[in-house]
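Source: prediction; values computed, not measured.
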Amino acid sequence: MCAAALVVGVLAAPAQAAPDRADADPAPLARDLRGAGWALKDTGKDVRFRGLAAVNRSTAWVAGSKGTVLRTVDGGRSWRDVSPPGAVAEGLEFRDIEAFDARRAVALSIGEGEASRVLRTEDGGATWTETFRNPDPRAFYDCLTFFDARHGLAMSDPVDGKFRILATDDGGRNWRVLPNAGMPEALPGEAGFAASGQCLVSSGPRDVWLATGGGAQARILHSADRGLTWQVAESTVPAGDPARGVFALAFRDRTRGLAVGGDYRTGQASPQAAAVSADGGRTWRRAATPPPAYRSGAAWFPYGAGTALAVGPTGTDVTTDGGRSWRSLEAGSFDTVDCTADAGCWAAGEKGRVARLERRR
């Protein structure tokens, strides 16, 4: 429901593509990101990219509206259109993509019934295989995540009063709906937001978190057994409206997490729209100084234990104290953000906008 209102993967794979040495910065980005900013990379597209998977500083995938999927292996200097032909023809809405290296990725399209699909490529997007098509008109899939080379999950808005979880144990080749006995009841109006591919995130081999909004409270559900049983916690992010709640989660490890969100409607205030957890999502406390507006994406920066980024339509913010306080990095619209171990931070959003975080020269 919330996803509809918005109109708004890691396989046993060969080694990742090596970073382009000519493209690498001669010095690392500072851990507080002062002097850093987004360098736009021309994609030649005008679609909205809400799906983003960074492999390293050189390689990234983006997925978005009109069935569009792009891939770069040279730091964004050039992009290959690897869109699945059938997805383009049907105008599928890709909202999440999980990339394993320069050749292998899993993409999720969203929507009611058969519009929710999973597609997989093993050859850099030259060909795609549809591995799941949702047969239930009541289901609406929002996000997916992978734990390791084989195990992954996707989540749907509630069906029969509970969030539905789809699972794979062969790297996305086959999927099955998990039993819902261990899933708490959803609140009236509660759902996920297919805004950035970050309403379902994992850390380590078994832990996964699910973010919600739209109900009386914005909640965060945690499973320590790959989606079989879940515990639920209230966040401090305001909800109580179909447009408000937690839009994105990011966990540095199985204990330290961030939540961002707010009200996605243009011009609506989004106070207290960030929260932090130090106990694996069992409890959440509000950010003392949150971002100034709605944020739909978040990612931990690899340098500095407390450094992370949050993005949204009105700008990018950075925290260096684990999410307790945020400051503006720069203006500019992005919907999602992802960082890799080599400080390959990428962001993507409307009008074909894709950028990589770089030091200002």
Original post:
Any idea how F193 and Y264 line up, ring-wise: parallel (<30°), tilted (30 to 60°), or perpendicular (>60°)?
Top reply: perpendicular
Original post:
Regarding R295 and T316, is there a side-chain donor-to-acceptor distance under 3.5 Å anywhere?
Top reply: no
Original post:
Do you see a donor-acceptor pair shorter than 3.5 Å between the side chains of D338 and T340?
Top reply: no
**OP:** Any ring-ring contact (aromatic ring centres under 6.0 Å, His included) involving residues 196-224? Give me the pairs, sequence neighbours left out, ordered by first then second residue.
**Re:** W209-H222, W209-F251
Subject >> Donor-acceptor pair, side chain of R252 and main chain of G322, under 3.5 angstrom >> reply: no
Subject >> For the student: nearest non-hydrogen atoms of V237 and A218, plus distance >> reply: O-CB, 3.4 Å
**OP:** Look only at the side chain of T59 and the backbone of N56, and say whether a donor-acceptor pair between them is shorter than 3.5 Å.
**Re:** no
Original post:
Do M183 and L221 touch side chain to side chain, with heavy atoms closer than 4.5 Å?
Top reply: yes
**OP:** Report the hydrophobic cluster partners of L70, with the cluster defined as I, L, V, M, F, W, Y residues connected by side-chain heavy atoms closer than 4.5 angstrom, directly or transitively.
**Re:** V47, F49, L52, V62, W79, W346, V354
Subject >> side chain to side chain contact (heavy atoms under 4.5 Å, CB included) assessment of W38 paired with L40 >> reply: CA-CA 6 Å; W38 293 116; L40 288 171; 5.7 Å; no
Original post:
Looking at D335 and R50, does any basic side-chain N land under 4.0 Å from a carboxylate oxygen?
Top reply: yes
Subject >> side-chain contact (heavy atoms from CB on, under 4.5 Å) involving A269 - partner list, sequence neighbours excluded >> reply: P271
Subject >> F94: partners by ring pair (Phe, Tyr, Trp, His ring centres under 6.0 Å), with sequence neighbours left out >> reply: none
Original post:
Hey, does D317 have a side-chain heavy atom less than 4.5 Å from the side chain of P292?
Top reply: yes
**OP:** Could I get the full list of side-chain contact (heavy atoms from CB on, under 4.5 Å) partners for R265, not counting sequence neighbours?
**Re:** D241, A243, R244, D263, Q268
Original post:
Are any of the side-chain heavy atoms of V318 and F301 separated by less than 4.5 Å?
Top reply: no
**OP:** Return the set of residues passing side chain to side chain donor-acceptor pair (under 3.5 Å) with W175 (not counting sequence neighbours), or none when no residue passes.
**Re:** T131
**OP:** Side-chain contact test, heavy atoms from C-beta onward, threshold under 4.5 Å: evaluate it for S196 versus F247 and give yes or no.
**Re:** no
**OP:** Using a 4.5 Å cut-off on heavy atoms from C-beta on, say whether the side chain of L309 contacts that of F334.
**Re:** no
Subject >> Residues D148 and R226 bridged, charged N to O under 4.0 Å >> reply: yes
Original post:
Is K66 atom NZ crowded by more than 12 heavy atoms from other residues, nucleotides or ligands, each under 6.0 Å away?
Top reply: no
Subject >> V106 vs V118 side-chain heavy atoms within contact, under 4.5 Å >> reply: yes
Original post:
How far apart are the closest heavy atoms of T72 and R77, and which atoms are they?
Top reply: OG1-N, 4.2 Å
Original post:
Do W326 and L258 have side-chain heavy atoms sitting under 4.5 Å apart?
Top reply: yes
Subject >> Qualifying residue for side chain to side chain contact (heavy atoms under 4.5 Å, CB included) with V69, from V88, I97, D81, T121 >> reply: I97
